[in-house]
Amino acid sequence: MSSTVLCRILHCVKNEVVCLRGQHRLYSMCLGPNSSSSSSVKRKRTKLLSSSSLTGLSWTNNSVFSMQNIFRHSSLQFQLAPVEINRILRANEQSVKIPEFDGKNLNPVLKFESNQLPANSPNEDRRSAATCLQTKGMMFGVFDGHAGYACAQAVSERLFYYIAVALMSQKNLEEIEFAMEHMKPVLPILQWYKPPNHYIYRESASLYLDHLRVFWQELIDHDNAEGMSTGDSLAYAFKRLDSDISLEAQVPLDSDIMRNMAIQVAFAGSTACVTHVDNIDLHVANSGDCRAILGVQEEDGSWSSLPLTHDHNALNPSELARVRSEHPKSEENTVVTGDRLLGLLMPLRAFGDVCFKWSKELQQSILENGFDLETLDIYHYAPPNYLTPPYLNVDPELTYHKLRPQDKFLILATDGLWDMLSNDEAVRLVAEHLTGIHLEEPVAASERQVKLGQMHSLLLKRRARAVPSRDPNVATHLIRHSIGTNEYGEIEQVQLAAMMSLPEDLTRMYRDDITVTVVYFNSDLIKAHYKENNLRFL
């Protein structure tokens, strides 16, 4: 990210190029003639030109424009005051302290803090947090929607219920079914920790309950007395919910509202990263490009990041090989083009997105059945080289980690954060926020013999690290640094104001929606568990 973002938005209509000019580089997004800021294709910020290229930069008359003309005709002054920036950044904050003992079990989670900063309007990210009431453990999740928010919204409401039900014993499931059948009160399954501006799809609540009930009825028929293991529950719940989303878009429903919503959910998409924490057992299920990163503090006080997920996109060689292996050799060069599935979609696993899963014939028969696609904001297109569907699935990658006393916190975030910060940078920021100690990186060999001018830059970088945090909520701290930090690690107010002041139709060109949840662990409780059970930790 540039060290100073000037207070201008540069827009060239002819080539549909939008540039944000910084002191050291230009960032741009080039939009083709058929592009749209609301399309399902995730756009990434790209570096166009370095600062050394800007001196005397101009184009000929045969080119698009001159820099002078841009500044004369396309300037926009940013005037957001720090107090207004803080208000916007903190609008969606959530902070919850968790009791050490919930009446049944000791909880290794001390607290969690969460926040969101939208880029899309409305925000396409969602987040969830809940405690399992009929089993043990807590769940946290982040959900990154695309082609609208509909799928992420539905998954954030429903997935935890599917997981919790899969974890339940046969006896508990039979009790719930008996209560439903005899119209008696049903024992609560989850205790939700609802963030600000939380809402649910009330119009589809009965549909969602009906399909959840079918799910637990099938689990009763499986005759599994103790319920599924945590890993199996996570995997089964992901796949079953995605199947239900697909089914609901195909069958007749009671009302037009419910029917329209089912179609919107199915044709939109969402990635998901969910964690289940029970005592020292940490399970992660990931489908897409959100991440779960552990912050680890060693005995010498140093910090490191431990990734618990892998990005499911074309930049992951094993994931790319997996997708290609599922289709004929003749499609090897067309399944993923331009680092996108069929040239269109960046994540290679996701909920919904039936336009990458259904056959062409099924899509056509469903959408021609009286739907107003324009009103529903569904852009139906046939991806090029769509020969052997499905091209996409939601099968989660599962990770198990046994918590250790040195595992201090877990960062769950959508890719909007990881576009801006590395795993190590995010862990360092949270660690500094947690300890109040600003961590100095070792002096690299290249820094030991530097010229005077280089020394000035190094000192600026070190000085910036000594500035105390201005955000009580650590998720806000991460978001502020992700969009407002210069190359020295210092918050640059002009840059932050510029990024926060972008008009709605331009914001998505420079960053994605950002959702962050940071879960803090009780190291003393974890250490006591190891001691009581004569366990060793590495």
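- E397 meets the side chain to side chain contact (heavy atoms under 4.5 Å, CB included) test with H310, H312, R349; sequence neighbours excluded.
- E174 is linked by a salt bridge (Lys or Arg N to Asp or Glu O under 4.0 Å) to nothing, counting only residues two or more places apart in sequence or in another chain.
- Between R213 and E177 a salt bridge is recorded (basic side-chain N to carboxylate O distance below 4.0 Å).
- Applying the side chain to side chain donor-acceptor pair (under 3.5 Å) test to residues at least two apart or on different chains, the pairs with a partner in residues 202-211 are H211-E248.
- Taken to the nearest 0.5 Å, the CG atom of L80 stands 3.0 Å off from the OG atom of S501.
- By the 4.5 Å heavy-atom criterion applied to side chains, N115 and N92 are counted as neighbours.
- Under the ring-ring contact (aromatic ring centres under 6.0 Å, His included) criterion, Y201 pairs with no residue, sequence neighbours left out.
- Using a 30° and 60° split on the angle between ring planes, H283 and Y400 fall in the tilted class, from 30° to 60°.
- Two residues are said to be in side-chain contact when any heavy atoms from C-beta on lie closer than 4.5 Å; I483 and M500 meet this criterion.
- Heavy-atom contacts from other residues, nucleotides or ligands closer than 6.0 Å to CD1 of I257 number 12 or fewer.
- Judged by distance alone, the side chains of N473 and S95 never bring a donor and an acceptor atom under 3.5 Å apart.
- Listed by first and then second residue, the side chain to side chain donor-acceptor pair (under 3.5 Å) pairs involving residues 180-192 are Y161-W192 (not counting sequence neighbours).
- Listed by first then second residue, pairs satisfying side chain to side chain donor-acceptor pair (under 3.5 Å) with a partner in residues 218-228 read E218-R240, not counting sequence neighbours.
- Under the 3.5 Å distance criterion, with hydrogens and angles disregarded, no donor-acceptor pair is assigned to the side chains of N123 and Y149.
- Annotation: ring-ring contact (aromatic ring centres under 6.0 Å, His included) contacts of Y520 (sequence neighbours excluded): none.
- The side chain to side chain contact (heavy atoms under 4.5 Å, CB included) check on A285 picks up L234, F238, P396, L398, with sequence neighbours excluded.
- For the side chain to side chain donor-acceptor pair (under 3.5 Å) criterion with D513, the lone passing option out of N120, T507, T414 is N120.
- Distance alone, capped at 3.5 Å, is enough to place a donor-acceptor pair between the S287 side chain and the V394 backbone.
- R480 and N86 share a donor-acceptor pair across their side chains, judged by distance under 3.5 Å alone.
- Partners of W216 by ring-ring contact (aromatic ring centres under 6.0 Å, His included), not counting sequence neighbours: none found.
- Under the ring-ring contact (aromatic ring centres under 6.0 Å, His included) criterion, F112 pairs with F140, Y193, sequence neighbours left out.
- With sequence neighbours excluded, the residues that form a side chain to side chain donor-acceptor pair (under 3.5 Å) with K357 are D242.
- Judged as a side chain to side chain donor-acceptor pair (under 3.5 Å), and not counting sequence neighbours, the contacts of T515 are Q116, D125.
- Separating the SG atom in C132 from the CG atom in D278 is a distance of 8.5 Å, to the nearest 0.5 Å.
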